[in-house]
Novice: 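Just passing along the structure, written as structure tokens.
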Amino acid sequence: MEEVQELQLHVKDGEEEASSSPRVLHSVPPKRGWKWWGLVALNIIFLVSGQSVGNLLGRFYYDKGGNSIWMATLVQSAGFPILLLLLPLYLFPFSSTPSSPASNLKSPSISTLAFIYIFLGLLAAGDNTMYSYGLLYLPVSTYSLICATQLGFNVVFSYFLNSQKLTPLILNSVVLLTFSATLLAGHSDDSSGLPGVSPRKHALGIVFTLAASAAYALLLSLAQLSFQKIIRAEGFGVVFRFQFFSSFVTTSACVVGLFASGEWRELKGEMEGFKKGKVSYVMTLVWTALGWQLCSIGTFGLIFQVSSLFTNVIGTLALPVVPVLAVVFFNDKMDAVKVMALLMALWGFASYIYQNYLDQFRSKKRPPDHRSSL
């Protein structure tokens with residue numbers, strides 16, 4: 001209870017500070033240095049490449065004999081020790097808001113930070129578990145396109161939790177991406193499913209993926225709220241600490257689930273029966289873990305620098321990439337319905353990018369304090 005009360009006090013303090021001056025979340029500052037843009041570009045590369053690699057290798061794990069849900073969930077967070085290798089990058093003097101007075105604000109207590117890390121870490125564990133079930137029962141192309149709904153969920157959470165500005169173009173983007181996923185959900189004939197997966201499990205995979213998308217969107221908005229209202233620290237090192245400790249909690253929860261479910265007893269037989277051999281089994285898990293960790297680094301980095309909604313939109317860049325790669329490597333069928341859903345998703349993404357272009361154009365004609373947010 002003390003942690004919750006302190007969390008509420010921090011949020012209240014942030015609201016009082018915001019009420020004394022014009023409040024614009026993640027406003028576009030008058031100048032963006034090459035360091036800032038370089039770090040944004042690097043985080044975008046991490047997010048898109050890590051998400052694509054994680055999804056493809058996750059499908060490869062299931063196709064070649066892997067069947068442990070908890071192992072598939074564990075590798076989505078178990079790569080967090082790689083953050084220690086990237087420590088010099090996080091110590092580099094980057095700052096998303098160099099002129100902010102965050103350094104004069106009172107730092108949150110250890111108990112408050114522990115509450116944030118534990119809560120968001122457990123939320124991520126549940127989210128990753130649902131994603132694992134979705135990927136088990138769905139082809140990569142269908143799974144990836146349904147994940148587009150997380151942008152629609154994120155708009156809702158960003159509006160209420162992060163005071164995100166909504167415009168007709170952003171709403172158009174959300175509607176199109178939602179329709180895209182709905183079109184796929186209704187297209188549940190045998191040609192769109194995996195061999196040996198019943199229509200019931202196919203539908204269950206859609207439900208799990210939709211629920212995971214909603215939980216993921218909530219996680220991003222809560223992370224942004226934590227950066228803005230509670231942690232309020234300058235420098236990119238805060239992202240390193242946030243990612244490291246929350247991933248540690250998520251990994252710990254998955255290890256408990258692995259042993260509690262008894263799946264750990266089957267891992268040896270699973271490795272020996274893997275179609276590509278033991279070495280391939282181990283390397284698949286290792287590279288899957290590294291891929292998802294790169295995705296997480298890019299995700300939290302963009303949330304810290306820009307916003308959760310912008311981060312989710314960048315994540316949709318993987319939508320045209322993953323289905324194409326799935327057709328090439330896993331012989332997924334790209335029928336007319338999936339093509340239409342893909343085009344709608346791209347249209348929705350283009351709508352958001354155009355809104356961003358308009359915000360940038362208008363910001364040049366306004367004082368810095370009144371510019372539109374990303």
Side-chain angles (χ1 to χ4, degrees), residues 50-79 124-147 184-185 188-213 216 250-251 254-255 257-258 261-293 295 318-319 321-334 338:
Q51 180 175 317
S52 300
V53 170
N55 282 331
L56 288 172
L57 289 181
R59 180 71 264 157
F60 181 83
Y61 167 77
Y62 285 133
D63 286 350
K64 301 306 177 182
N67 54 22
S68 173
I69 290 295
W70 281 108
M71 177 56 70
T73 303
L74 176 63
V75 296
Q76 295 181 49
S77 60
D127 180 55
N128 292 344
T129 303
M130 290 187 290
Y131 272 132
S132 296
Y133 275 106
L135 193 57
L136 174 64
Y137 295 145
L138 299 174
V140 175
S141 55
T142 304
Y143 167 84
S144 299
L145 291 172
I146 291 179
C147 287
L184 285 172
S188 58
D189 55 25
D190 293 338
S191 62
S192 65
L194 292 171
V197 176
S198 65
R200 179 178 178 276
K201 289 185 177 180
H202 182 88
L204 190 62
I206 292 175
V207 173
F208 274 125
T209 306
L210 286 173
S213 297
Y216 180 72
T250 303
T251 303
C254 292
V255 170
L258 180 66
S261 65
E263 288 188 0
W264 65 275
R265 300 186 184 91
E266 304 172 1
L267 295 181
K268 182 179 180 180
E270 182 178 279
M271 180 174 64
E272 294 175 349
F274 200 67
K275 297 179 181 179
K276 293 296 183 177
K278 297 180 181 179
V279 175
S280 178
Y281 177 84
V282 174
M283 295 306 296
T284 297
L285 296 179
V286 170
W287 284 106
T288 302
L290 293 178
W292 281 122
Q293 198 58 217
C295 177
L319 294 180
V321 176
V322 175
V324 173
L325 294 177
V327 171
V328 174
F329 292 105
F330 301 120
N331 296 320
D332 278 8
K333 296 181 180 180
M334 203 65 178
K338 289 183 180 179

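Since this is a predicted model, take the numbers as computed values, not measurements. The chain is numbered in sequence order, starting from 1.
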Novice: Roughly how far apart are Thr209 OG1 and Tyr137 OH, rounded to 0.5 Å?
Specialist: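 Going from OG1 on Thr209 over to OH on Tyr137, the span is 11.5 Å.
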Novice: Please assess Val282 against Phe274 for the test side-chain contact (heavy atoms from CB on, under 4.5 Å), listing each intermediate value before the final yes or no.
Specialist: CA-CA 10 Å; Val282 174; Phe274 200 67; over 6 Å; no
Novice: Testing the basics here: between Leu136 and Arg59, what is the closest heavy-atom pair and its distance to 0.1 Å?
Specialist: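 Nearest pair, atom of Leu136 first, then Arg59: O-NH1, 3.8 Å.
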Novice: Does the Tyr133 side chain pair with the main chain of Val207, one donor and one acceptor, at a distance under 3.5 Å?
Specialist: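 Absent.
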Novice: Please say which of Asn128, Thr251, Thr250 ends up in a side-chain hydrogen bond (donor to acceptor under 3.5 Å, both in side chains) with Ser77.
Specialist: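 By the side-chain hydrogen bond (donor to acceptor under 3.5 Å, both in side chains) criterion, Ser77 pairs with just one of Asn128, Thr251, Thr250: Thr251.
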Novice: Quick one: closest heavy-atom pair of Asp127 and Ser213, and the distance?
Specialist: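 Distance-wise, the nearest heavy atoms are OD1-N, 4.4 Å.
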Novice: State, to 0.1 Å, how close Glu270 and Gly65 come at their nearest heavy-atom pair, and which atoms those are.
Specialist: CG-O, 3.9 Å
Novice: Supply the atom-to-atom distance Thr73 OG1 to Leu135 CG, rounded to the nearest 0.5 angstrom.
Specialist: 10.0 Å
Novice: Where do Ser68 and Leu258 come nearest, in terms of heavy atoms and distance?
Specialist: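 Scanning both residues completely, I find the closest heavy atoms to be OG-CD1, 4.1 Å.
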Novice: Is it true that atom OH of Tyr281 has more than 12 heavy atoms of other residues, nucleotides or ligands lying nearer than 6.0 Å?
Specialist: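 Yes, enclosed.
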Novice: If you round to the nearest 0.5 Å, how far is OH of Tyr62 from CG of Leu138?
Specialist: 11.0 Å
Novice: From Ile206 CD1 over to Lys201 NZ, what is the distance, rounded to the nearest 0.5 angstrom?
Specialist: 15.0 Å
Novice: For Tyr61 and Asn67, which heavy atoms make the closest approach, and how far apart are they?
Specialist: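 Closest approach of Tyr61 to Asn67: OH-N, 3.7 Å.
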Novice: For the atom pair CG (Leu57) and NZ (Lys64), what is the distance rounded to the nearest 0.5 Å?
Specialist: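 Rounded to the nearest 0.5 Å, the CG-NZ separation comes to 12.0 Å.
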Novice: Which value, rounded to the nearest 0.5 Å, describes the distance between Tyr131 atom OH and Trp292 atom CH2?
Specialist: 8.0 Å
Novice: Just to verify, which of Leu290, Leu285, Val286 counts as forming a side-chain contact (heavy atoms from CB on, under 4.5 Å) with Val75?
Specialist: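 Going through Leu290, Leu285, Val286 one by one, the side-chain contact (heavy atoms from CB on, under 4.5 Å) with Val75 is satisfied by Leu285 alone.
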Novice: Carefully, step by step, assess Gln76 and Cys295 under the rule side-chain contact (heavy atoms from CB on, under 4.5 Å).
Specialist: CA-CA 10 Å; Gln76 295 181 49; Cys295 177; over 6 Å; no
Novice: Which pair of heavy atoms, one from Ile69 and one from Thr129, lies closest together, and at what distance?
Specialist: CG2-CG2, 4.4 Å
